[in-house]
Amino acid sequence: QVQLVESGGGLVQAGGSLRLSCTASGSFVNINVMNWYRQAPGKQRELVAPITSGGHTSYANSVKGRFTISRDNAKNTVYLQMNNLKLEDTAVYYCNAAVQEAPQDLNDYWGQGTQVTVSS
């Protein structure tokens, strides 16, 4: 059993910054890919950025140059630094992770989400 808990969301003015954190807890061998997703009202959930256990990253076109994903494996934590926030970044942000709990037991987990609201 693994739990993901996000934090760091809030209300910020356009052009401002926020840093989201997500920490995994429980019993597992390792965490493979960790991801940040987001979902705005009335829209599909979209992948914002993934990061592998080795630190390889990628970004959705909409956030390239503004967001940075990173992780601290010793802390089982993934971060999303969000700079120059725009109104269209408003969404619930979800942490997601592929967790190796045992051989032949790779499971997908989701956090409960943290609200990011960008105002003009």
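- In plain terms, the two heavy atoms of L87 and V118 that are nearest each other are CD2-O, 3.1 Å.
- Under a hydrophobic-cluster definition in which Ile, Leu, Val, Met, Phe, Trp and Tyr are linked whenever side-chain heavy atoms come within less than 4.5 Å, directly or via other members, V33 and W110 are assigned to different clusters.
- Within 6.0 Å of CD on Q81 lie more than 12 heavy atoms contributed by other residues, nucleotides or ligands.
- In this structure, a donor-acceptor pair under 3.5 Å is absent between the side chains of N30 and Q100.
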Tell me, with the steps shown, if L20 and T114 meet side chain to side chain contact (heavy atoms under 4.5 Å, CB included). CA-CA 8 Å; L20 307 182; T114 185; 4.1 Å; yes
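- Counting only heavy atoms from C-beta outward, the side chains of V5 and T23 never approach each other to under 4.5 Å.
- Between the side chains of E88 and T90, no donor-acceptor pair of N or O atoms lies under 3.5 Å.
- Between the OG1 atom in T52 and the CG atom in N35 there is a gap of 10.5 Å [rounded to 0.5 Å].
- Note that R45 lies in the cation-pi zone of Y94, set by a 6.0 Å cut-off to the ring centre and a 45° limit from the axis.
- Scanning all heavy atoms of the two residues, the minimum distance from V116 to M82 falls at CG2-CE, 3.8 Å.
- We find the CD1-CH2 distance between I69 and W36 to be 8.0 Å, quoted to the nearest 0.5 Å.
- Distance check, rounded to the nearest 0.5 Å: CD of E101 to OG of S27 gives 8.5 Å.
- In terms of heavy-atom proximity, T77 sits nearest to K75 at OG1-O, 2.9 Å.
- To the nearest 0.5 Å, atom CG of residue L85 and atom OG of residue S17 are 6.0 Å apart.
- The minimum heavy-atom distance between C95 and V78, with the atom names listed, is SG-CG1, 3.8 Å.
- Each of Y37 and Y93 belongs to its own hydrophobic cluster when Ile, Leu, Val, Met, Phe, Trp and Tyr are linked at side-chain heavy-atom distances under 4.5 angstrom.
- Rounding to the nearest 0.5 angstrom, the gap separating the OG atom in S62 from the CD atom in E46 is 5.0 Å.
- Nearest heavy atoms, L4 versus A24: CD2-CB, 3.4 Å.
- The side-chain heavy atoms of S25 and N76, taken from C-beta on, include no pair separated by under 4.5 Å.
- R19 places no side-chain N or O within donor-acceptor distance of the main-chain N or O of Y79, the cut-off being under 3.5 Å.
- Here the side chain of E6 pairs no donor or acceptor atom with the backbone of C22 at under 3.5 angstrom.
- The side-chain heavy atoms of K86 and V63, taken from C-beta on, include no pair separated by under 4.5 Å.
- Checking N84, D89, N83 one by one against R66, the side-chain hydrogen bond (donor to acceptor under 3.5 Å, both in side chains) holds for a single residue, D89.
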Full working for side chain to side chain contact (heavy atoms under 4.5 Å, CB included) between V12 and T117: CA-CA 6 Å; V12 64; T117 302; over 6 Å; no
Which is it for L80 and F67 under the side chain to side chain contact (heavy atoms under 4.5 Å, CB included) test, yes or no, and what are the steps along the way? CA-CA 7 Å; L80 186 68; F67 291 11; 4.1 Å; yes
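- Taken to the nearest 0.5 Å, the CG atom of L47 stands 8.5 Å off from the CG atom of N96.
- The shortest non-hydrogen separation linking R71 to I51 is NH1-O, 3.2 Å.
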Is there a side chain to side chain contact (heavy atoms under 4.5 Å, CB included) between N107 and F28? Walk through the geometry before answering. CA-CA 10 Å; N107 296 307; F28 50 85; over 6 Å; no
